[in-house]
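For reference, the structure discussed in these notes is given below.
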Number of protein chains: 2
Amino acid sequence: MGRGHLLSTPPYEVETALKRLGANLRTARLRRNITLADVAKRIGASREVVGEAEHGKPSTSIAIYTALLWSYGLVERLGSLADPATDDEGLRLASLRERRNASTPQPLDDDF
Amino acid sequence: MGRGHLLSTPPYEVETALKRLGANLRTARLRRNITLADVAKRIGASREVVGEAEHGKPSTSIAIYTALLWSYGLVERLGSLADPATDDEGLRLASLRERRNASTPQPLDDDF
DNA sequence: CAAAATTGTCGGTTAAAATCGACATATAAC
DNA sequence: GTTATATGTCGATTTTAACCGACAATTTTG
């Protein structure tokens, strides 16, 4: 995956935010009294990657993190992360001039 | 990466949550009137992966998503995603019995 | 209309993510 | 103490994410 300049050494704020998220996920799991192996099986991933996510590993896929949120019933919060309605800076800029929608050549319904 | 059962076909709720997050990230970028190439260079990633993140690709690393939030000044919201203080289900369970630490199972101190 | 800018896509390369098995080290329970 | 459970770590393998360059398709601008 390339020499992953971002993946290996992310900005400090990114690193700390991920560590905090990982710690929160661990707390959520322990409160629910389930093991790494249990939740890993439930989301269809290996036990290792779940442990790495709980440590805030930056190069771990967002699917792992999101599936953990989902298994704890917290996934709907993800969609409000960059919610345009609460993006104050964006709202301010949008009120000045909304940049017309960028190119989207073909629907191409991406299903990864 | 293994046959990535989760990465290729995540739960429906996970998929939709990621697509919504990606769309929000795109809106945030367009409002700020910057290009994919600009933000990619700013976070130290390739233009492609940023575009993929804006499509909600599950197998993309969380570092990309988080760096985008960071570049838009929204990264602090990530840490509150699974915030133990607002995890109602977790709080309810924690009030019953906290699994971590809390050794010495309190041999039943029913006073009176 | 054409030119410019933005975004999408393709082929090829490289580094590493994710998996599995087995074992070591906590941690909790007996 | 001992046993059982949970988590961390290691090596090896397979899959592929992320990179780069170039080009195609799209949208915006003049």
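Values below: all heavy atoms of this structure, side chains included; hydrogens, waters and symmetry mates excluded. These numbers come from a predicted model, not from an experiment.
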(request) Kindly compute the distance separating CG (A:Leu68) from CG (A:Leu25), expressed to the nearest 0.5 Å. (result) 5.5 Å
(request) Verify the contact: side-chain N or O of A:Thr60 to OP1 or OP2 of C:dA18, cut-off strictly under 4.0 Å; return yes or no. (result) yes
Check residues 37-49 of chain A and write down every donor-acceptor pair under 3.5 Å in which the side-chain atom is one partner and the other belongs to a residue at least two apart or another chain.
unit_1  : atom_1 : unit_2  : atom_2 : d
A:Asp38 : OD2    : A:Thr35 : OG1    : 3.2
A:Arg42 : NH1    : A:Ser71 : O      : 3.4

(message) Ignoring hydrogens, what is the shortest heavy-atom contact between B:Glu76 and B:Gly73? Give both atom names and the distance.
(response) OE2-O, 3.2 Å
(message) Does a side-chain N or O of A:Arg29 approach OP1 or OP2 of D:dA6 to a distance below 4.0 Å, or not?
(response) no
(message) Donor-acceptor pair, distance only, cut-off 3.5 Å: does the side chain of B:Arg32 make one with the backbone of B:Ala28?
(response) yes
(message) Of the options D:dA18, C:dT19, D:dG8, whose atoms approach the side-chain atoms of A:Val49 most closely?
(response) C:dT19
(request) Find the distance A:Leu36:CG to D:dG8:P and express it as a whole number of Å. (result) 6 Å
(message) Nearest whole Å is fine: how far is D:dT15 C1' from B:Leu7 CG?
(response) 10 Å
(request) Give a yes/no answer on whether the side chain of B:His55 brings an N or O atom under 4.0 Å of OP1 or OP2 in C:dT7. (result) no
(message) Taking the minimum atom-to-atom distance to the side chain of A:Arg26, which one of D:dG8, D:dA6, C:dT7 wins?
(response) D:dG8
(request) Would you kindly say whether A:Thr86 and B:Arg77 are connected by a side-chain donor-acceptor distance under 3.5 Å? (result) yes
(request) Whole angstrom is fine here: how far is it from CG in A:Leu6 over to P in C:dA15? (result) 18 Å
(message) Looking at C:dA17, I'd like to know if its phosphate oxygens (OP1 or OP2) sit under 4.0 Å from a side-chain N or O belonging to A:Ser61.
(response) no
(request) Please report, rounded to the nearest Å, how far the C1' atom of C:dA16 is from the CD1 atom of B:Ile64. (result) 14 Å
(message) Output the rounded distance in Å from NZ (B:Lys57) to P (C:dG8).
(response) 13 Å
(request) Choose from D:dA18, D:dG8, C:dT6 the nucleotide whose nearest atom is closest to any side-chain atom of B:Thr35. (result) C:dT6
(request) Starting at atom CG of A:Leu30, determine the distance to atom C1' of C:dA28, rounded to an integer number of angstrom. (result) 13 Å
(request) To the nearest Å, give me how far apart NE2 (A:His5) and C1' (C:dA15) are. (result) 16 Å
(message) If you take any heavy atom closer than 4.0 Å to DNA chain D, which residues from residues 38-48 of chain A end up in contact?
(response) A:Arg47, A:Glu48
(request) Hey, could you give me the CG/OH distance between A:Leu69 and A:Tyr65, rounded to the nearest 0.5 Å? (result) 10.5 Å
(request) Identify which one of A:Asn24, A:Leu74, A:Thr27 satisfies the side chain to side chain contact (heavy atoms under 4.5 Å, CB included) criterion when paired with B:Asp87. (result) A:Leu74
(message) Between P on D:dT7 and CD on A:Glu52, what's the gap in Å once rounded to a whole number?
(response) 15 Å
